[in-house]
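For clarity, every value in this text was computed on a predicted model and none was experimentally measured.
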Amino acid sequence: MNSILSIILKRLMIGLLTLWVVTIIIFAAIELLPGDIATEILGQAATEESLAAFREKYDLNRPVYERYISWLSGAVTGDFGVSLANQRPISELIGQRTANTFFLAAYAAAIAVPIAVVSGMMAALYNGSMFDRILSSSTLAAISFPEFFVAYILILVFSVGLGWFPSLANVDVDMGLGERLYLTFLPAMTLTLIVLAYMMRMTRAAILNLLALPYIEMAHLKGIKRWRVIAVHALPNALAPIINVIALNLAYLIVGVVLVEVVFVYPGLGQVLVDAVSNRDVTVVQAACLIFAATYILLNLLADILSIVANPRLLHPR
């Protein structure tokens with residue numbers, strides 16, 4: 001137990017250090033953008049007095065390190081400042097949008113994870129069969145297509161052709177769960193098809209790597225059915241790599257949702273990020289990038305910790 005706590009604390013410290021480095025990169029990248037922010041927001045016709053007042057109001061005339069410290073201290077407490085484009089608090093602007101993005105990612109994960117684990121087990125059970133070949137080929141094809149292409153194909157088939165689902169995912173706060181699930185089905189399926197292949201292939205590979213081990217052969221010699229050997233003996237020992245790839249793909253569902261949200265005009269954090277970039281609203285861009293980065297680091301950290309817990313041998317590396 002002490003070893004596990006020690007490793008978890010060490011991983012948390014590494015995660016916090018990584019996140020701090022990411023905040024520096026995000027802030028520095030925004031600072032290195034060409035042009036003057038005040039001029040971009042107010043327009044070329046703005047007077048010098050209005051530009052000076054704008055810089056004074058939003059502390060743009062302060063040294064870079066002071067603005068970074070101020071931004072970082074505010075971000076730690078959940079205060080990302082004010083949007084330069086519409087003067088609204090950023091926490092108010094992105095609060096519901098962030099919740100929408102997490103909802104869409106959770107929806108896709110609830111579909112993808114069970115299908116990936118079961119199909120991966122079935123592919124390992126019938127390794128080398130026609131079923132395994134068709135499944136592997138179809139998932140490899142799914143990996144090859146970018147998100148926006150898969151999204152447009154789903155819209156063409158299920159929205160334009162069959163008319164089963166809407167092409168735009170217009171959701172709001174007062175909407176019921178059933179209606180929300182219906183409206184977001186196509187974007188959720190787009191994300192599912194993208195990440196399903198990775199998780200299924202990793203599950204299959206992890207189980208197949210264990211099937212040649214002596215204790216698996218002993219289970220076969222005892223007359224235990226192959227599906228039971230895979231489900232009861234192989235799967236528990238393959239959990240570490242499977243959990244790792246699932247957590248990494250969950251991180252992708254959060255940070256890779258931008259294109260899907262744009263295609264379906266879904267009111268999520270990715271759509272806010274795209275709008276902020278087009279409006280040169282750098283404070284919103286910083287906040288959105290930081291949330292994406294923190295989520296990705298947190299899920300990677302979770303994957304690392306769960307892999308260690310699921311495989312005690314990693315507690316004592318050679």
Side-chain angles (χ1 to χ4, degrees), residues 97-123 126 129-172 175 177-205 245-275 277-278 288 292 295-296 299:
R97 298 297 188 97
T98 304
N100 288 342
T101 293
F102 287 155
F103 173 84
L104 181 59
Y107 188 8
I111 300 173
V113 173
I115 295 177
V117 173
V118 172
S119 59
M121 290 175 58
M122 293 294 292
Y126 299 105
S129 66
M130 183 62 67
F131 171 78
D132 179 34
R133 293 175 184 175
I134 293 175
L135 195 61
S136 297
S137 300
S138 59
T139 54
L140 186 61
I143 294 175
S144 304
F145 295 134
E147 297 95 327
F148 67 88
F149 181 80
V150 176
Y152 285 129
I153 291 297
L154 291 180
I155 290 173
L156 181 63
V157 174
F158 293 102
S159 182
V160 178
L162 299 174
W164 290 354
F165 299 97
S167 59
L168 300 180
N170 295 319
V171 299
D172 55 61
M175 189 172 290
L177 179 60
E179 187 178 2
R180 181 182 288 263
L181 292 175
Y182 170 72
L183 291 176
T184 56
F185 181 77
L186 287 186
M189 281 305 301
T190 302
L191 293 172
T192 297
L193 292 174
I194 296 300
V195 302
L196 179 64
Y198 292 102
M199 292 190 286
M200 190 282 292
R201 293 175 70 86
M202 178 56 71
T203 301
R204 175 183 178 276
V245 75
I246 287 175
L248 291 176
N249 278 278
L250 290 180
Y252 173 78
L253 286 177
I254 299 294
V255 302
V257 76
V258 177
L259 285 176
V260 176
E261 289 186 359
V262 171
V263 171
F264 291 97
V265 197
Y266 182 71
L269 189 59
Q271 185 69 55
V272 170
L273 178 59
V274 172
D275 293 340
V277 170
S278 61
F292 280 136
T295 304
Y296 193 84
L299 288 173

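If you take CZ on R97 and CG on L273, they are separated by 11.5 Å, rounding to the nearest 0.5 Å.
Among residues at least two apart or in separate chains, there is no salt bridge (charged side-chain N to carboxylate O under 4.0 Å, His left out) pair with a member in residues 178-196. The stretch residues 186-205 participates, sequence neighbours left out, in these salt bridge (charged side-chain N to carboxylate O under 4.0 Å, His left out) pairs: D132-R204.
F185 has its side chain out of reach of T190: every pair of non-hydrogen atoms, C-beta onward, lies at least 4.5 Å apart.
Within 6.0 Å of atom OH in Y296, 12 or fewer heavy atoms from other residues, nucleotides or ligands are found, so the atom counts as exposed in its surroundings.
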For residues 258-266, please give each side-chain donor-acceptor pair under 3.5 Å, one per line with the distance, not counting sequence neighbours.
from: E261; atom 1: OE1; to: L269; atom 2: N; distance (Å): 3.4
from: E261; atom 1: OE1; to: G270; atom 2: N; distance (Å): 2.7
from: E261; atom 1: OE1; to: Q271; atom 2: N; distance (Å): 2.9
from: E261; atom 1: OE2; to: T101; atom 2: OG1; distance (Å): 2.7
from: Y266; atom 1: OH; to: N100; atom 2: O; distance (Å): 2.7

Residues 108-121 side chain polar contacts: donor-acceptor under 3.5 Å, at least two apart:
from: S119; atom 1: OG; to: I115; atom 2: O; distance (Å): 2.6
from: S119; atom 1: OG; to: A116; atom 2: O; distance (Å): 3.2

Please list, one pair per line, the donor and acceptor atoms closer than 3.5 Å that link side chains of residues 151-169 to other protein atoms, with sequence neighbours excluded.
from: S159; atom 1: OG; to: F165; atom 2: O; distance (Å): 3.1
from: S159; atom 1: OG; to: S167; atom 2: N; distance (Å): 3.3

